[in-house]
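One structure below.
In this chain, numbering begins with 1 at the start of the sequence shown.
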Amino acid sequence: MIIYQADKDAFLRHCNDEEIEEVILASYKAATNGDVGESEIRSWRESLRYVARALNHSSIPGDIGVAVEFVLPQSKKRIDVVLTGHDEHGSPHVIIVELKQWTAIKPSKRDAMIELREGHLRVHPSYQAWSYAAFLEGFNEAVYNGELQLHPCAYLHNYARDSVIESPHYQPYIQRAPLFLKGTADLEGLRRFIGQYTSKGNGIPVLAELESGRIRPSKALADEVHRLLSGNNAFALLDEQKHVFEAVKAACAQAHADRKPRVVIVEGGPGTGKSVVAVNLLATLRDGLNVKYISKNAAPRAVYSDTLIKSKENARLRHLFGGSGAFIDSPENDFDALIVDEAHRLTEQGGFYGNEGKNQIMELINAALCSVFFIDEDQRVTLKDIGTKEAIRDLAIARGATVEEYVLSSQFRCAGSDGYLAWLDDVLQIRPTANTTLDEISYDFQVFDDPFTLHAAIEAKNAGNRARVVAGYCWPWNSKKNSNEMDIVIGNYRRQWNLDQDGSLWIISPSSIDQVGCIHTCQGLEVDYIGVIIGPDLVMEGGALKTVPRARDRRDKTMKGFVKLSKSHPAHAAELADTIIKNTYRTLMTRGMKGCYVYATDPQVAAYFRARLQHAAAVEQFVEVEV
């Protein structure tokens, strides 16, 4: 999506004859139905004047394309300015311009990082521009195939040349994305840079191709693990992802040098890139440190390992992945670093019978000089999950470890929409948010009246083996003992749970599109489209969602202990069960990068979801009817 676009001549008129920031603001409100803060309006006012000054030259044709605030696909990240046109040979080009109003910075020893002010780290603007280009290449078919050529750069119009911003430490990224600073010489250099790629103008069609061009199939981490561990930057880390990555690298290096324990907590919701950062860390830290990637859930480990064993060269790397229950008897500081993904799933005891060890958080912290926990407390989906920031913090302090905490906030799943996640929290009545409907949110969410049409719709979206149907664990797994038995039976709809022979590899098995998966085989992983069957454990009662723990299958281990707890502490048991069931559906409904299709066994739940897709008035009307 492009917030504002015009040719150069129209852009200059808007800058000269109108208040350009007001023009951009009006375009932003029209495109997003949202608003921005005064600081962003001020940046438009200040920086776009300098862009206009650079473009206001006869060497740059009047019909090049100018876009302000280009929203990256599957993200809420925005490129400041995009310029498009054709070179002297008639080839189309796209110039990415990262704008900064900075006047001074302090250097940082961390890769591609600068210190804007005391303790306030940011990525170098050349790295930022390059990473946006690399990210865009992964999504746009025309860019990926070389039909459109990208040229990133950074323009710091207030920054006088010094030995800091352009020091040798940053040169690898400045070479990828040239840096233009304050002064006439740099202004002329920027003009030459723009002119060499746009000398024949005709930029509006290039903008149109960039904006509406075919989106490539979404890049899945599971498919790229072997490249990451082979030193290939398959995923460009953006902004806070890069910040967190470098901070954790520094923490691990410090712990290794001082021989004093450190614990890093990284919080992030679904699709913020926790696993991408985690595997990037594994790939980097394994060169020189004794490091391992850990997850309680077997599915991510199995899927990552499966990609590695497809080549003899990478098969040896499987040992880098392990479960969370293997550190009961580990000596203190046995590892330099343990990278714990899905840390919210950690439990007190583990093992086949769930009676081994004392506390997995404590055991992991004890086993490593630096332990890194990636966590989303809203994805705790069993009664035994103990992974919370507070628990990790307390056990780290008890060991005498230094604790660092970071947050990943930008959304790269669910069409990059934080609004969808907020709407989902509100609609599942997990927490109230301002997102009462999906109006203006570009995520493919649909409600189906029967499971047949839902499954058919997901099968139709299964291009590249990237769509699956999942369900709440409300049906017995009959087919585990008898392969001829059906499991999920809803009227004439009859399907089996994920095939036993696929196990944790269910989500990547080509035949699994016919089956229905569960939380255990999809948490921590993603597809393009997810179909979710909401079972009888979530119903409507009196206009509100009600969870029904006893509607879960009796062999569902996520609710193990509920019956016993409900006898001794019924209120607490009900509260825990409510959290677990709602978190389960929240997790299932955020596995899809492009869309989520839903069927509910309770027709009132389906009606409720359908009403919440529309204007808020529909919600009020529905609630009044139910009351």
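A side-chain N or O of Ser324 and one of Gln360 form a donor-acceptor pair less than 3.5 Å apart. With no hydrogens or angles considered, no side-chain donor-acceptor pair links Ser504 and Trp506 at under 3.5 Å. There is a side-chain donor-acceptor pair under 3.5 Å between Thr558 and Asp556.
Salt bridge Asp578/Lys546: absent, no basic N to carboxylate O contact under 4.0 Å. Under a 4.0 Å N-O distance rule, the pair Glu69/Arg78 qualifies as a salt bridge. In summary, Glu405 and Arg393 engage in a salt bridge, as defined by a charged side-chain N under 4.0 Å from a carboxylate O. Remark: Arg494 does not engage Asp487 in a salt bridge, criterion side-chain N to carboxylate O under 4.0 Å.
To the nearest 0.5 Å, atom OG1 of residue Thr388 and atom NE2 of residue His344 are 12.0 Å apart. Note that CG of Asn583 and OG1 of Thr547 are 11.0 Å apart. Values are rounded to the nearest 0.5 Å. Atoms NZ and CG, from Lys461 and Asp528 in turn, are 9.5 Å apart once rounded to the nearest 0.5 Å.
Trp423 and Phe609 have perpendicular rings, their planes meeting at more than 60° on a 0 to 90° scale where under 30° would count as parallel. Using the six-membered ring where Trp is involved, Tyr493 and Phe452 have ring planes that are perpendicular, over 60° apart on the 30 and 60° scheme.
In terms of the side-chain contact (heavy atoms from CB on, under 4.5 Å) criterion, residue partners of Ala278 (sequence neighbours excluded) are, by chain and number, Tyr293, Ile339, Asp341, Phe374.
With a 4.5 Å cut-off on side-chain heavy atoms, His243 and Phe245 do not count as touching. Residues Arg610 and Asp449 have side chains in contact (heavy-atom distance under 4.5 Å, counting atoms from C-beta outward).
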